[in-house]
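Following: one structure in C-alpha cells, then a few remarks.
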Protein chains: 2
Amino acid sequence: MLQANNFHHALEIANVALLGSEPNCLQALFRKLPIEHLATGQSLFFEGDAAKHLFEVVEGDLRIFRIISDGRRVITGFLHAGDIVGVSLKDHYLYSAEAISDTKVRRFSRKAFEAEVSNSPELRPEIFARLRDEMAAAQDQMVLLSCKDAQERVCSFLLKLLRRHPGHCRSGAVVELPMTRLDIADYLGLTIETVSRTMTKLTNKGILVSAGRHCVRIIKYGTLVQFSGDDEYDGDGMIACAGR
Amino acid sequence: MLQANNFHHALEIANVALLGSEPNCLQALFRKLPIEHLATGQSLFFEGDAAKHLFEVVEGDLRIFRIISDGRRVITGFLHAGDIVGVSLKDHYLYSAEAISDTKVRRFSRKAFEAEVSNSPELRPEIFARLRDEMAAAQDQMVLLSCKDAQERVCSFLLKLLRRHPGHCRSGAVVELPMTRLDIADYLGLTIETVSRTMTKLTNKGILVSAGRHCVRIIKYGTLVQFSGDDEYDGDGMIACAGR
DNA sequence: CGAGGGCTTGAGCCACATCAAGAGTAGTGG
DNA sequence: CCACTACTCTTGATGTGGCTCAAGCCCTCG
C-alpha cells in the first residue's frame, strides 16, 4: 500500500544518523532526508495502516480523510507545505492521506522521531504547539459542522485558506483552491451542488469573482468575514491569521 | 471568574513541593492536591481566560463548550471522572467548562505541570496518549457531524457513553445521562426536539426503554451498534471500548 | 473533434428546524 | 403534605435549507 517500501531501510539509517545532531527545530529534523514525490491523486498512507512514519510536506497539498461504512468520504483536513502529518498518531493511522496536487514530502521514522523528540527539550514545545493547533482547528471545524449554514461554511473555508498567507487577508487578494469542489464539499459537510450554488451566490453578491476553476479573487473581504459567522475578535489576537 | 482565587498561592506551593517526587503517572501528580467542589451549573473556567491551570475530574461530569457569535452554544465534549482537562491548551482556554452535576476537581498549576512533564520521561507518553485520544475523539465527532443523520448521532452518543464502562457494551445495560436533552442536542448538532423524537422512536422500535429522565436501559445492543453507522471493526481492536 | 471528468444550474423532495402547546417533574415555601 | 412555580421534556403542525435526481455546460486532453 505504501509506496517505496524498499526505500525504508535506507531511511532508517539516515534517521538514526541524525540522532546525535540535536536539531533545534522540527523542520531541521527532516532537512537531510530525501524528498519523495507524489503525483496528484496518489496515496501517502491509508487509514488503519500501521503508523510507521511521519511526513513533512515540502511542497504541494494533501487531503486527509476517512471512508465511513456506507462508502461516503469525510475530509477532516488539508495539509500544505510546512505541515507535518503524524504528530497525533496512535499505532495506526486514523485517516488516509492523498495528494491533491503534485506534492513533495520527506519521510521520517516514527520511532526515531519519538526518540529524537524525547531527547530534545527544544523540540517538545514545538510538538505540543502543533498538537494544540491541530486541536484548535478540530474545534473550529466542529463548530462549523455543528451550526453553520452553507454560506457560512464556504466563507469560513475561503478565509481559512486566505489566512495561510499573512497579508492576503484583504480585498483584492487571490485564493488558490488546489482541491476539487467534491473535496471542498466533503470537507464542509455539504454536497458538491450546494458548494457550487453557494459560490455562485457569493459571486452574484459581488463578494468574489471566479478566476478559473481553482482560483477566486476576493472583492469584499470585510463582507466575507461577516458572512463567515465567526466572532471578529480572536482570543489570541492575530495568531490565527499568522498561519502555523 | 475563576472561583477560589485566594486559594491559588497555597496550591502553587503544594505543586512545587511535588516537583521532587517523580510520580510515574498523571493521576499521581494530582493525588496530593485538595479537592474543589463545583455545584451543578457552576463554571470551572471560561473560553478566552488565561489558561493558568489544568484540572483532574475526580467525580462528576463537565460540559465543555463554545458560544458563537449569534449566541448559540456548541458543546465539543463531556468530561467525566478520571479525565484531565487542559492538556491541549494554548495560552487561553479554547472553551468554557461547566459542571453538569455535582463535581469534584483537583487543580494543578499549568507552569508546574509543564515543568513536571518536562522532567519526567515516564509522564510524557501518557500526555501524548491523552492528546491522541482527544484528537481521535475530535475526528470521530467531525465524522458524526459531517454525515450522520439524527438517529445515527443519538445511537453513536449512547454507545460512546456505554463504552466508558467496559462490560456495559451489551443488551440490558443501563446508561446514565447526567446531561440535559439540550446538552445532548448542542453536542450532536441537533435540536432538543429532534433528540427527544429520536429517543422516542428508538423506544418504539424496542431498542431501549426509558428509566427516568437521566437513565435509559439498552434492550438491543446489536441493533444500536448497527444504527450508529460506525464500522463494526475498529483499527485498534477493543481499545475504543476500554475507556481512557 | 470527440470523450470524459469537473462544474453549474434547475426541479422536487425530505429530514430536520421552527413554532406552539401541553405533560411530566423537581424544587420551594407555606 | 400539598399547592405553586419553573423548568425539562414530549408531541404535533408547519416551514425550509440543503440533498437528490437530472440535464447541460465547459474545460482538458488525447
Side-chain angles (χ1 to χ4, degrees), chain A residues 39-41 63 68 70-75 98 100-102 144-157 176-205 208-216 227 229, chain B residues 39-41 63 68 70-75 100-102 144-158 176-205 208-216 227 229:
Chain A
T40 302
R63 60 184 162 235
I68 60 172
D70 63 0
R72 287 176 65 178
R73 185 182 68 163
V74 182
I75 293 184
E98 275 177 16
I100 57 182
S101 58
D102 281 11
L144 179 142
L145 294 169
S146 268
C147 56
K148 287 187 179 178
D149 65 22
Q151 178 167 291
E152 289 171 331
R153 292 182 195 202
V154 171
C155 291
S156 298
F157 178 68
E176 298 273 346
L177 302 168
M179 64 293 290
T180 67
R181 294 285 186 273
L182 184 57
D183 288 332
I184 299 174
D186 287 349
Y187 180 58
L188 297 179
L190 301 170
T191 58
I192 184 175
E193 294 96 330
T194 300
V195 171
S196 182
R197 269 187 260 270
T198 305
M199 298 279 275
T200 304
K201 246 181 259 174
L202 291 174
T203 304
N204 292 340
K205 287 179 183 172
L208 50 83
V209 291
S210 170
R213 189 174 285 185
H214 290 295
C215 216
V216 296
F227 281 10
Chain B
T40 302
R63 59 183 163 237
I68 60 172
D70 63 1
R72 287 176 65 179
R73 185 182 67 163
V74 181
I75 293 184
I100 58 181
S101 58
D102 281 12
L144 180 143
L145 294 169
S146 268
C147 55
K148 287 187 179 178
D149 65 21
Q151 179 167 292
E152 289 171 332
R153 292 182 197 203
V154 171
C155 291
S156 299
F157 177 68
L158 292 173
E176 297 274 345
L177 303 168
M179 63 294 289
T180 67
R181 294 285 186 274
L182 185 57
D183 288 333
I184 299 174
D186 286 350
Y187 179 59
L188 296 180
L190 300 170
T191 58
I192 184 174
E193 293 95 331
T194 300
V195 171
S196 183
R197 268 187 260 270
T198 305
M199 298 280 274
T200 304
K201 245 182 262 174
L202 291 174
T203 304
N204 292 339
K205 287 179 182 171
L208 51 84
V209 291
S210 169
R213 188 174 286 185
H214 291 297
C215 217
V216 296
F227 281 9

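Chain letters run A, B, ... following the sequence lines, proteins first and then strands; every chain starts at 1.
- Looking at which nucleotide of DNA chain D each of A:Gln151 and A:Arg213 is closest to, the 5′-most match is held by A:Gln151.
- A donor-acceptor pair shorter than 3.5 Å can be found between the side chains of A:Thr191 and A:Thr194.
- Contacts between residues 189-198 of chain A and DNA chain D, counted as heavy-atom distances below 4.0 Å, involve A:Gly189, A:Leu190, A:Thr191, A:Glu193, A:Thr194, A:Arg197.
- In this structure A:Arg197 satisfies the side-chain hydrogen bond (donor to acceptor under 3.5 Å, both in side chains) test with no other residue, sequence neighbours excluded.
- End-to-end axis angle for the helix from C:dC1-D:dG30 to C:dG30-D:dC1, using five pairs per end and rounding to 10°, comes out at 40°.
- The ring-ring contact (aromatic ring centres under 6.0 Å, His included) check on B:Phe227 picks up nothing, with sequence neighbours excluded.
- By the side chain to side chain contact (heavy atoms under 4.5 Å, CB included) test, B:Ser196 pairs with no residue at all, sequence neighbours left out.
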Salt bridge (Lys or Arg N to Asp or Glu O under 4.0 Å) assessment of B:Arg73 paired with B:Asp183:
CA-CA 9 Å; B:Arg73 185 182 67 163; B:Asp183 288 333; 2.8 Å; yes
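- Distance A:Asp149 CG to D:dG18 C1': 10 Å, rounded to the nearest Å.
- Of all heavy-atom pairs between A:Ile75 and A:Tyr187, the closest is O-CD1, 3.3 Å.
- A:Val154 and A:Thr198 get closest at one heavy-atom pair: CG2-CG2, 3.7 Å.
- Spacing between atom CD1 of A:Ile100 and atom P of C:dG6 amounts to 14 Å, rounded to whole angstrom units.
- Shown here for A:Leu208 and A:Met199, the closest heavy-atom pair between the two residues is CD1-O, 4.1 Å.
- Of the residues in residues 178-185 of chain A, those lying under 4.0 Å from DNA chain C by heavy-atom distance are A:Thr180, A:Arg181.
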